[in-house]
There are 2 protein chains.
Amino acid sequence: MRPASDKIPQPTLSRLTLYLRCLRRLAREGVNTISSAKMEAHCGIVPAQIRKDLSYFGEFGKPGAGYDVQHLLARLTEIMQLDREQRIAIIGAGNLGAALAGYAGFAQSPFRIVGIFDNNFNKIGRMLWNHEILDLQRLSEINQHMRANIGIIAVPAEAAQEVADQLLKSGVSAILNFAPTLIEVPPDVAVRNVDLTRELEVLCYHLDRLTSSPQDASPNDDQ
Amino acid sequence: MRPASDKIPQPTLSRLTLYLRCLRRLAREGVNTISSAKMEAHCGIVPAQIRKDLSYFGEFGKPGAGYDVQHLLARLTEIMQLDREQRIAIIGAGNLGAALAGYAGFAQSPFRIVGIFDNNFNKIGRMLWNHEILDLQRLSEINQHMRANIGIIAVPAEAAQEVADQLLKSGVSAILNFAPTLIEVPPDVAVRNVDLTRELEVLCYHLDRLTSSPQDASPNDDQ
DNA sequence: CTCTATCAGTGAACTATTTCACGAGCTGCC
DNA sequence: GGCAGCTCGTGAAATAGTTCACTGATAGAG
């Protein structure tokens, strides 16, 4: 299956990023070739699943040998569009927005934070990690030359939908939403939610209920 | 099905927290009763799914009327164990740890941050949001009286596994992991991962590929 | 009190995802 | 070159999760 876009299961996409992470490490360690079986030890995904996931995008492996680390890394990077710069605008310069803006993990990644916005006049104009905090009112205008294509929403729940609308109007086509609320967008926009409270609440449910009977990979994985 | 623990699908648990959020708002707004159909407008989950989810835990609704908001809220809160204080230890006083520690959303929630730990001697002893940053080395010892049962890992990937092990040794039985790496725990421990980079990478995949054909709730939902 | 509209709960059907299991292709050693 | 041992790709089977569609109950109007 070559189309590389049509009917890829969501969980597969999520695991792809996991494989990428493994492959980057293997490449750094000078490993040339890896089989799906050995890969399991690195990323915790069973071999059959790894092979099936990869097979959605092409035939990358060689029977008897496994996958060429460099090659697979390059192909997956391309498929995930991580071979080009991805420009991010962060909306909300509170605790979370500030922490995200300062995240060191972006250093050797295609992700580049190009702007931080807030609507609080006490914050606008102040510096945050080498970025001037910009006026949210001017998002559309500024993004004409800033050209962020991914927006991160790090504002209170009440403001999230409005911020999402503004992001879309500004030309952003993917949103990572940290606000604990549902945001509605047209079907051609990708949204992922990260919801601290939801995760904690699910953990609470399991407290004192997990008694070694469930499968190995406890209440987790994908998403 | 009364057992309330046995074979609940993961996605159901995740949605339960969503229903809770709706119910809290409805209760605040003085709504007495809500049907699964009206609930859809509030949380974006289809009625059949809502009914099925709730039915795993008991029969909460009245035919012809719907669900009693107060009653359902109380029951779900109890089921999720959110009716009692939940004590959280945050490991890692970096950007992220600090942001989490200062999260205002915990104010009217059962979650209470009882300790923040780090292994950096420049940070230990300093104050962060009314908490003294404590020595990670002393986690087990301190947690004997601190009694955190949930641990949040906000350290670099390299340190995550070791921190997880220490948390478990200290009596924590649920972990929220923000480090971009797999952590291994015994099957009686609940883990949830929040992985910023993974989410961003999945978003990248969808960039310029979503062309209004896919279903409504774009690449998202559950996890 | 009766009739109608509404709505929960639920087995059955359906869809999505994971796992199995096997054929065929490399590799590298004799 | 031939054989043994891996390992991939993949249809088919199994499992997990969602949606349908129907039953029976309740509410509320008249």
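We name chains A, B, ... by the order of the sequence lines, and we start the count at 1 in each one.
Expressed to the nearest 0.5 Å, how far OH of A:Y67 lies from CZ of A:R51 amounts to 6.5 Å. Rounding to the nearest 0.5 Å gives a distance of 13.5 Å between CD1 of A:I150 and CZ of A:R112. With rounding to the nearest 0.5 Å, the separation of OG in A:S173 from CG in B:D208 is 5.5 Å. Atom CG of A:L82 sits about 6.5 Å away from atom CZ of A:R24, to the nearest 0.5 Å.
Nearest-nucleotide assignment on DNA chain D puts the 5′-proximal partner with A:S36, out of A:S36 and B:V46. Map B:S35 and B:K52 each onto its nearest nucleotide of DNA chain C; the residue landing nearer the 5' end is B:S35.
Applying the side-chain contact (heavy atoms from CB on, under 4.5 Å) test to A:L18 and every residue at least two apart in sequence or in another chain returns A:C43, A:I45, B:R198. Residues satisfying the side-chain contact (heavy atoms from CB on, under 4.5 Å) criterion with A:P9, sequence neighbours excluded, are A:P11, A:T12, A:Y56.
With rounding to whole Å, B:L72 atom CG is found 14 Å from C:dG9 atom C1'. If you take CD of A:Q49 and P of D:dT15, they are 16 Å apart, rounded to a whole angstrom. In this structure, A:R15 places its CZ atom 9 Å from P of C:dT17, rounding to the nearest Å. Distance A:Y56 OH to C:dA16 P: 11 Å, rounded to the nearest Å. The distance from atom CD1 of B:I50 to atom C1' of D:dT19 is 13 Å, rounded to the nearest whole Å. Note: CG (A:D53) to C1' (C:dT17) measures 10 Å, nearest angstrom. In this entry the distance linking CD1 of B:I8 with P of D:dT18 reads 12 Å, nearest Å. Residue A:E40 contributes atom CD, which lies 15 Å from atom P of C:dT18 at whole-angstrom precision.
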Quick one: which protein N/O atoms are closer than 3.5 Å to N/O atoms of nucleotides 25-29 of chain C? Pair and distance per line, please.
residue : atom : partner : partner atom : Å
C:dG25  : N2   : A:G64   : N            : 3.0
C:dC26  : O4'  : A:P63   : O            : 3.0
C:dT27  : OP1  : A:K62   : NZ           : 3.3

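For the side-chain contact (heavy atoms from CB on, under 4.5 Å) test with B:L167, the passing option among B:I175, B:I183, B:N177 is B:I175; the others fail.
Of the candidates C:dC20, D:dG9, C:dA8, the closest approach to any side-chain atom of A:Y67 belongs to D:dG9.
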